[in-house]
Chemist: 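Input: one structure, supplied below.
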Amino acid sequence: MTDRQEGFRGWASDRKGAVSRLRFTSLRLRLVVVFGLVALTAAVSASGIAYWLNREAVLTRTQDAVLRDFQQEMQNRAGALPVHPTQDELQRTAGQMANSSQRFSVLLVGEDGNGKTVYGSSDGLSAFALDDVPTSLRKAVDKQQKVTDSNKSAYHLYWQRIVDHGTPYLVAGTRLIGGGPTGYMMKSLEPEAKDLNSLAWSLGIATGLALIGSALLAQAAATTVLKPVHRLGVAARRLGEGKLDTRLRVSGTDELADLSRTFNDAAEALEKRVDDMAARDDASRRFVADMSHELRTPLTAITAVTEILEEELEAESGSMDPMIEPAVRLVVSETRRLNDLVENLMEVTRFDAGTARLVLDDVDLADQITACIDARAWLDAVDLDAERGIHARLDPRRLDVILANLIGNALKHGGSPVRVSVRIDGEELVIAVRDHGPGIPEDVLPHVFDRFYKASASRPRSEGSGLGLSIATENARIHGGSITAANSPEGGAVFTLRLPRDASALAEESKDGGNTGATGTTGAIRAAGESGAAGEKDA
């Protein structure tokens, strides 16, 4: 791989990590969003208020100046006109009024001596006209009000802001008191509108900068606040992975420091508790293993004696006293059961210690199942549905243990005929063992693979050790498979074994985990296989 490819992969990994840190559900992103919303709300509010205040100030200042100038021009110039002016007089006066400092358009309306309405506009007859003045404003200007103590004038100056083709205007009008023309004024507010637009752009840019600044501030605050939280999360994951010596560095006296101290105290208590439990568990396993090994020596001698007694029972000479024959048969049976129990306990101890290992070989499933059934004289009670040529790489001894326990359990607690079927499901082997018994009670199903479980509390004794199904489950597990129990819709119980067709990878893992003595493993498999009745489904 080139340096360029490595650099690209590193950049992609960093970007992916940054995106994952800023996922929507992360606290960092929520802090940034909250800070941004607060800053945006504050900036928009401040900008809106500032824009509104400046707009009103600019428009009011311009409006007051224009209206004051227009009113002054009406009094000085329009007031000097005769009561019935001619059109030329109105035109000339309107032009003079428009030349004031505010530069607005003027329209004068009056009546000549013949009673005819005449107009005079500062921009000519085709420019500012009476139609440009809103009707409501004309009515207000022409309305004569009653003169009272509080109202000294019959006519007043009125104004209104309008927009024509996108351009804002100020329109005002008034009548001369005592007779004379009516005057109207129109002033463009476009310069003020441009100034206000510039102000709006400036406030918008300031709002954007405030938003960016708040995002950066939120990121810095989030980094400061979330760094201890991130360290706590990493420490919690390490603790969950079993690294019980994980501790956090505590600095400061704030709430996060208190949280770190609490985490350290909890981790220390958990480590102590787990160490105590592990020590007790190791002691229990050693006790069971030592007890099993110690029992094997006297059991070997007792087994030899019981074999001699069994030969005497089967002899035709009749040398055995009929009075003690039942007791001898009970001793032989219980000795065999005790021997199976000891061997099963040793196997369970290996599973608990993690020292069980796989010895793989190419297995023909049909031949393997046939050999298991034939070795235990079950050919008349078992129907096999398996095509020859289905091969798998498994541990044949442990597979024999699984099959012996499942088939023996079905024969003992179910009912013959027992049907064993084999099929392939992708990369898995599926072996189903079905009996024709009454099935398994629903309250028993979750516990059939538990160690020493007895379905009936009133009958705690049986030929089985109560460990067979749990040993079968462990043997399936180290292959990477599983065993499930269920009731068939047609009646009876069905135990389904699923195994990978190639357990080589798991065999390597089991070798790394430890080694098991060949003698002990062989003995455990022989004992469990020969018992044929491991596990207690129903007593």
Side-chain angles (χ1 to χ4, degrees), residues 51-79 81 83-85 87 89-91 93-112 115-197:
Y51 177 79
W52 181 79
L53 292 176
N54 280 274
R55 178 179 180 274
E56 290 300 315
V58 170
L59 293 179
T60 301
R61 183 173 60 253
T62 302
Q63 173 182 293
D64 291 345
V66 171
L67 294 178
R68 185 169 54 250
D69 195 28
F70 174 65
Q71 189 175 21
Q72 187 69 31
E73 291 293 328
M74 284 292 296
Q75 292 176 357
N76 295 336
R77 297 188 182 276
L81 290 172
V83 176
H84 299 288
Q87 182 173 347
E89 291 175 336
L90 291 178
Q91 189 78 26
T93 303
Q96 293 173 352
M97 293 174 63
N99 289 328
S100 68
S101 60
Q102 297 298 326
R103 297 294 179 181
F104 42 72
S105 298
V106 178
L107 174 65
L108 296 177
V109 181
E111 290 183 359
D112 59 9
K116 180 182 177 181
T117 301
V118 291
Y119 302 91
S121 175
S122 61
D123 298 329
L125 296 178
S126 61
F128 183 32
L130 193 60
D131 293 338
D132 297 329
V133 181
T135 304
S136 58
L137 180 63
R138 293 203 304 265
K139 291 181 178 181
V141 170
D142 293 336
K143 184 178 180 180
Q144 184 177 4
Q145 299 184 15
K146 185 178 180 181
V147 177
T148 62
D149 293 338
S150 59
N151 183 29
K152 303 297 184 180
S153 301
Y155 300 98
H156 294 272
L157 175 65
Y158 295 94
W159 59 269
Q160 185 175 346
R161 296 173 191 165
I162 62 173
V163 177
D164 185 16
H165 297 91
T167 303
Y169 291 95
L170 174 66
V171 180
T174 186
R175 292 190 65 170
L176 288 176
I177 301 173
T182 302
Y184 295 98
M185 177 273 303
M186 177 180 285
K187 168 69 174 177
S188 174
L189 299 178
E190 187 174 4
E192 287 76 14
K194 290 182 178 179
D195 293 341
L196 292 175
N197 288 335

Chemist: Shortest non-hydrogen contact from G120 to Q91?
Modeler: CA-OE1, 3.5 Å
Chemist: At what distance, to the nearest 0.5 angstrom, does CD of Q72 lie from CE of M97?
Modeler: 10.5 Å
Chemist: For a side chain to side chain contact (heavy atoms under 4.5 Å, CB included) check, start with the C-alpha distance between V133 and M186, then their side-chain angles and the critical distance, and finish with the verdict.
Modeler: CA-CA 9 Å; V133 181; M186 177 180 285; over 6 Å; no
Chemist: Once you round to the nearest 0.5 Å, how far does CD of Q71 lie from NE2 of H156?
Modeler: 11.0 Å
Chemist: Going through the distances and angles, do Q87 and Y119 end up as a side chain to side chain contact (heavy atoms under 4.5 Å, CB included)?
Modeler: CA-CA 6 Å; Q87 182 173 347; Y119 302 91; 5.9 Å; no
Chemist: Please find the pair of heavy atoms, one from L130 and one from R138, that lie closest to each other, and give the distance.
Modeler: O-NH1, 3.0 Å
Chemist: Apply side chain to side chain contact (heavy atoms under 4.5 Å, CB included) to N54 and list each qualifying residue two or more places apart in sequence or on a separate chain.
Modeler: A50, L199
Chemist: Between S105 and S122, which heavy-atom pair has the shortest distance, and what is it?
Modeler: CA-OG, 3.5 Å
Chemist: Which atom names give the shortest non-hydrogen contact between A172 and L67, and what distance separates them?
Modeler: CB-CD2, 3.4 Å
Chemist: Please evaluate residues Y155 and T182 with respect to the criterion side chain to side chain contact (heavy atoms under 4.5 Å, CB included), reporting the C-alpha separation (whole Å), side-chain torsions for both, the decisive distance (0.1 Å), and the verdict.
Modeler: CA-CA 10 Å; Y155 300 98; T182 302; over 6 Å; no
Chemist: Go through the steps to decide whether Q63 and L59 satisfy the test side chain to side chain contact (heavy atoms under 4.5 Å, CB included), and finish with yes or no.
Modeler: CA-CA 6 Å; Q63 173 182 293; L59 293 179; 5.7 Å; no
Chemist: Can you give me the closest heavy-atom contact between P181 and L81, atom names plus distance?
Modeler: CG-CD1, 3.9 Å
Chemist: List the residues meeting side chain to side chain contact (heavy atoms under 4.5 Å, CB included) with Q160, not counting sequence neighbours, and say none if there are none.
Modeler: P134, S136, L137, I162
Chemist: Measure across F128 and Y184 and return the closest heavy-atom pair with its distance rounded to 0.1 Å.
Modeler: CE2-O, 3.6 Å
Chemist: Working to the nearest 0.5 angstrom, can you tell me the gap between R77 CZ and N99 CG?
Modeler: 8.0 Å
Chemist: Does some side-chain heavy atom of L170 sit less than 4.5 Å from a side-chain heavy atom of V66?
Modeler: yes
Chemist: How would you list, by chain and number, every residue that makes a side chain to side chain contact (heavy atoms under 4.5 Å, CB included) with T174, sequence neighbours excluded?
Modeler: F70, M74, L157
Chemist: Measure the spacing between CZ of R61 and CD of E56 and express it to the nearest 0.5 Å.
Modeler: 12.0 Å
Chemist: Look up atom CD in E89 and atom NE2 in H84, then write down how far apart they are to the nearest 0.5 Å.
Modeler: 12.0 Å
Chemist: To the nearest 0.5 angstrom, please state how far the CG atom of L90 sits from the CD atom of E111.
Modeler: 11.0 Å
Chemist: Counting C-beta onward and ignoring hydrogens, is there a side-chain heavy-atom pair between D132 and V171 closer than 4.5 Å?
Modeler: no
